Novice: 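Handing you this structure, nothing more for now.
Remember, it's a predicted structure, so these values are computed and weren't measured experimentally. A note on names: the letters A, B, ... follow the listed sequences, proteins ahead of strands, and every chain is numbered from 1.
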Number of protein chains: 2
Amino acid sequence: MKTLKYSRQRESIKTCLMGRKDHPTADALYTSIREQFPNISLGTVYRNLNLLVELGEIRKFSCGDGTDHFDYDTSPHYHFVCRHCGKITDVPMNAAADLEDDASHFIEGNIESHTVFFYGCCGDCLKNQTLY
Amino acid sequence: MKTLKYSRQRESIKTCLMGRKDHPTADALYTSIREQFPNISLGTVYRNLNLLVELGEIRKFSCGDGTDHFDYDTSPHYHFVCRHCGKITDVPMNAAADLEDDASHFIEGNIESHTVFFYGCCGDCLKNQTLY
DNA sequence: CCATAAATAATAATTATTATTAATATTAGA
DNA sequence: TCTAATATTAATAATAATTATTATTTATGG
């Protein structure tokens, strides 16, 4: 009977993540939140983010840049990662329903979910292409 | 005119990775290789793995368990990750050719590649289900 | 051979994340 | 409303993964 007790820090983490359309890391979120809570601890951010993931209120994913990213949108959707600037954007296509069915023919176990990451060069970086 | 000099350490890293059908981490590979090269350095393993990735001879990916994994198979293919034991297996379905086309309608930039990870419970862990 | 550029082993440093702990804040019940 | 019980916090230490530094060794063109 572990009751979850309210904390304003966790609340601010949720609202802060909700308000962002990028997919911040724990450290980026920590920086943002410190504007309102100057002495919040990085450990508190990490612990609450992982707690919220366990509760299913947010999502955590890694796209290959070495750090975990967090997403307030828990609905199944895909991401596009820019190889130049690292920006992560949602891909508003509907998840391919048949992908898991197709895959299930080739593996022994049960498939519960899947993720898709597209990699390339984002529009902004294409404009500044002269820089590369 | 940066000439790549031969090293038996790098050679052993390649052949070791080639001989494995799992998708080892740098540290797992380090452990294996030390049987033949007892005093190879972990830094050497990391440096050469990243070099081989740059050369396009191997692939690096992260599946969400916090560490990078390496794959000798550079052809586009998908992976299945067991949430219980962490085992990563290839999914021998052919990559969905239309996925990138579909996604391209929803984003500004250029898509160069994509990855798909399926998550679930592998066959071995399903058998031992009583353990959970 | 030999000179030299590149690779190595050993180690230090960095980064991302988790664990510990004593103090504080929240809440359930008297 | 008070108070005791306990979850949460801030601060800090610890750990794990990875990268950088440096002195030494090695492969290779001349």
Novice: Could you check whether any side-chain N or O of A:H23 sits under 3.5 Å from a backbone N or O of A:F70, counting only pairs where one atom can act as donor and the other as acceptor?
Specialist: no

Novice: Starting from C1' on D:dT12, measure out to CD1 on A:I40 and report it in whole angstrom.
Specialist: 16 Å

Novice: What is the distance, to the nearest angstrom, from the CG atom on B:N39 to the P atom on C:dT8?
Specialist: 12 Å

Novice: Are more than 12 heavy atoms, taken from residues, nucleotides or ligands other than A:E108, located less than 6.0 Å from that residue's CD atom?
Specialist: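 Atom CD in A:E108 is not crowded, with 12 or fewer foreign heavy atoms closer than 6.0 Å.
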
Novice: So does B:R20 have more than 12 non-hydrogen atoms from other groups sitting under 6.0 Å from CZ?
Specialist: yes

Novice: In this structure, is the centre-to-centre distance between the rings of B:F117 and B:F61 below 6.0 Å?
Specialist: yes

Novice: Would you say D:dT26 has OP1 or OP2 under 4.0 Å from some side-chain N or O of B:Q9?
Specialist: no

Novice: Starting at atom CZ of A:F37, determine the distance to atom C1' of D:dA11, rounded to an integer number of angstrom.
Specialist: 18 Å

Novice: Verify the distance criterion only: is there a donor paired with an acceptor across the side chains of B:D101 and B:H105 at less than 3.5 Å?
Specialist: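 Side-chain D/A pair, B:D101 to B:H105: absent.
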
Novice: Take the protein atom CG of B:N48 and the nucleotide atom C1' of C:dA6, then report the distance between them rounded to whole Å.
Specialist: 12 Å

Novice: Taking everything shown except B:N94 itself, do over 12 heavy atoms lie less than 6.0 Å from its CG?
Specialist: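 Incorrect, the count does not exceed 12.
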
Novice: Could you run through nucleotides 14-30 of chain C and give me one letter per nucleotide, 5' to 3': B if any protein heavy atom sits under 4.0 Å from the base, S if only the sugar-phosphate is that close, - if neither?
Specialist: --SBB------SBS---

